[in-house]
Amino acid sequence: MYEHLIKHLSFFDGIDILEPLMKRHFKDRIALVSSFGAESAVLLHMAAQIDRDIPVIFLDTQKLFWETIAYRSKLVDLLGLTNIRIMKPDADNVRLLDADGELHKTDPDMCCNIRKTQPLQEALSGYDAWISGRKRYHGGGRTNIPALEEADGRLKIEPLARFTPADLKAYMEHYDLPPHPLVAEGYHSIGCVPCTVKGGSTDNPRAGRWAGKSKEECGIHWTLNGQPVRLAAK
Ligand code: SF4
C-alpha cells in the first residue's frame, strides 16, 4: 500500500523524512511512540518542530522508573507538546495474569504483551502511520531496520535508524536538550525497573535491558502475528 512512499522517502533521515509525512501524507493520521527514555529527546524535539500537537503515545507499564515520569513532564513542558496519550495496561488483564506483579520473572514476553503491546495496538487504532525511535547501532534485531516499512497495514517510520551515537550527542548539545536523569547514573537504555540494570555502553546501550535473558525486545516491534516486522526498502 505504501510502496511509493517507501521507495521515494527511505533515503531521508531525521526531520527531512518526518516533515513530508507529518505535514502532507499522514496529517492527522500519524502518531509518535516514545518511551521518554535515554535518547528520546532527539526525536521528540524533531517532531515538535513540525507539529507540537502530534499525538505522542506513552506506554505506562506501571513498572517504570519515577525518573522517567518526571523526565516526561520536563520534556513535554520544554517542547510544548500538547497531545500526550498515556496508555496503561488493561486492569482485567493485570488482575488475571499478573495479580502479584511478578509476571516479568516467569513470563516476560507475556508481561510485555499485556503492559506494552496490547496498549500500543489499542492506541494506534485509527492511525495509518506511526513514528518510532529505533537506531541500527543498537544492534541485534535492529541492525538493519529500514527508515520506512509497512507493518500490520500501517507505515512505520524510523527517522533515527541511521543515526550514530555521535549524531545524537551532537543534536542534544546543539539544541541544549536535557538528558534523562538516569543517564548520569550509568543507564544507557531505560525501560521498566525490574528489567533494566545499569550497564551497556554508548555503542551497545541495550545491554542493560533484560540482562541475563535471551529476550532483546519487548514485542511492540513485532507484527500482530508475533513475527518481527518484515524489512522493506533500506
Ligand atoms: S520490560 Fe519487564 S516489567 Fe516491563 S512490561 Fe516487559 S517484562 Fe514487564
Side-chain angles (χ1 to χ4, degrees), residues 31-41 43-44 56-73 75 84-125 130-135 137-143 145 151-152 156 158 160 180-183 185-201 204-229:
L32 185 153
V33 179
S34 179
S35 65
F36 286 83
E39 297 167 339
S40 296
L43 183 60
L44 289 163
V56 175
I57 297 168
F58 175 76
L59 302 174
D60 182 352
T61 63
Q62 302 179 322
K63 296 280 185 185
L64 299 174
F65 289 91
W66 69 263
E67 289 90 342
T68 297
I69 307 297
Y71 187 53
R72 183 190 71 202
S73 298
L75 284 184
I84 304 298
R85 310 274 177 94
I86 299 172
M87 298 300 294
K88 299 200 175 189
D90 178 82
D92 287 339
N93 272 345
V94 172
R95 204 163 31 243
L96 199 65
L97 297 166
D98 193 14
D100 61 2
E102 302 286 303
L103 185 62
H104 61 88
K105 292 180 181 170
T106 55
D107 192 345
D109 285 342
M110 180 57 75
C111 185
C112 280
N113 186 34
I114 63 171
R115 294 181 183 276
K116 292 185 177 182
T117 309
Q118 290 188 28
L120 177 63
Q121 291 302 332
E122 184 188 335
L124 287 178
S125 68
W130 61 293
I131 304 160
S132 161
R134 293 183 300 166
K135 298 104 194 159
Y137 80 83
H138 283 185
R142 303 187 175 199
T143 306
I145 52 170
D152 290 331
K156 186 172 179 188
E158 303 279 7
L160 307 182
H180 190 295
L182 291 179
V183 169
E185 294 187 25
Y187 292 86
H188 285 87
S189 179
I190 300 155
C192 295
V193 174
C195 302
T196 305
V197 295
K198 292 181 189 179
S201 63
N204 183 22
R206 290 182 65 82
R209 304 289 292 278
W210 301 288
K213 294 190 169 74
S214 58
K215 187 173 171 64
E216 290 182 357
E217 298 280 351
C218 59
I220 65 168
H221 298 289
W222 296 350
T223 68
L224 290 177
N225 294 326
Q227 300 298 315
V229 288

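Both counts, for ligands and for their atoms, begin at 1 and track the order of listing. FYI, side chains are in, hydrogens and waters are out, and symmetry mates aren't considered; it's all heavy atoms of this structure.
Heavy-atom contacts of Pro108 reach the following atoms of ligand 1: 7 (S) (cutoff under 4.0 Å). Close contacts of ligand 1 with Cys195, meaning ligand atoms under 4.0 Å from a residue heavy atom, involve 1 (S), 2 (Fe), 3 (S), 7 (S). Atoms of ligand 1 found under 4.0 Å from any heavy atom of Cys112, numbered from 1 in the order shown, are 1 (S), 5 (S), 6 (Fe), 7 (S). Close approach of ligand 1 to Arg115 (heavy-atom distance below 4.0 Å) involves ligand atoms 5 (S).
Between the Asp98 side chain and the Glu102 main chain, a donor and an acceptor come within less than 3.5 Å of each other.
Scored by the side chain to side chain contact (heavy atoms under 4.5 Å, CB included) test, Thr68 finds Phe36, Phe58, Phe65, His180, Ile190 as partners (sequence neighbours excluded).
Rounding to the nearest 0.5 Å gives a distance of 5.0 Å between CG of Asn93 and CD of Gln118. Here the straight-line distance linking atom CZ of Arg115 with atom NE2 of His104 works out to 8.0 Å at 0.5 Å rounding.
Distances from atom 4 (Fe) of ligand 1 show that Cys192 has an N/O/S atom below 2.8 Å.
Ser34 has its side chain out of reach of Ile57: every pair of non-hydrogen atoms, C-beta onward, lies at least 4.5 Å apart.
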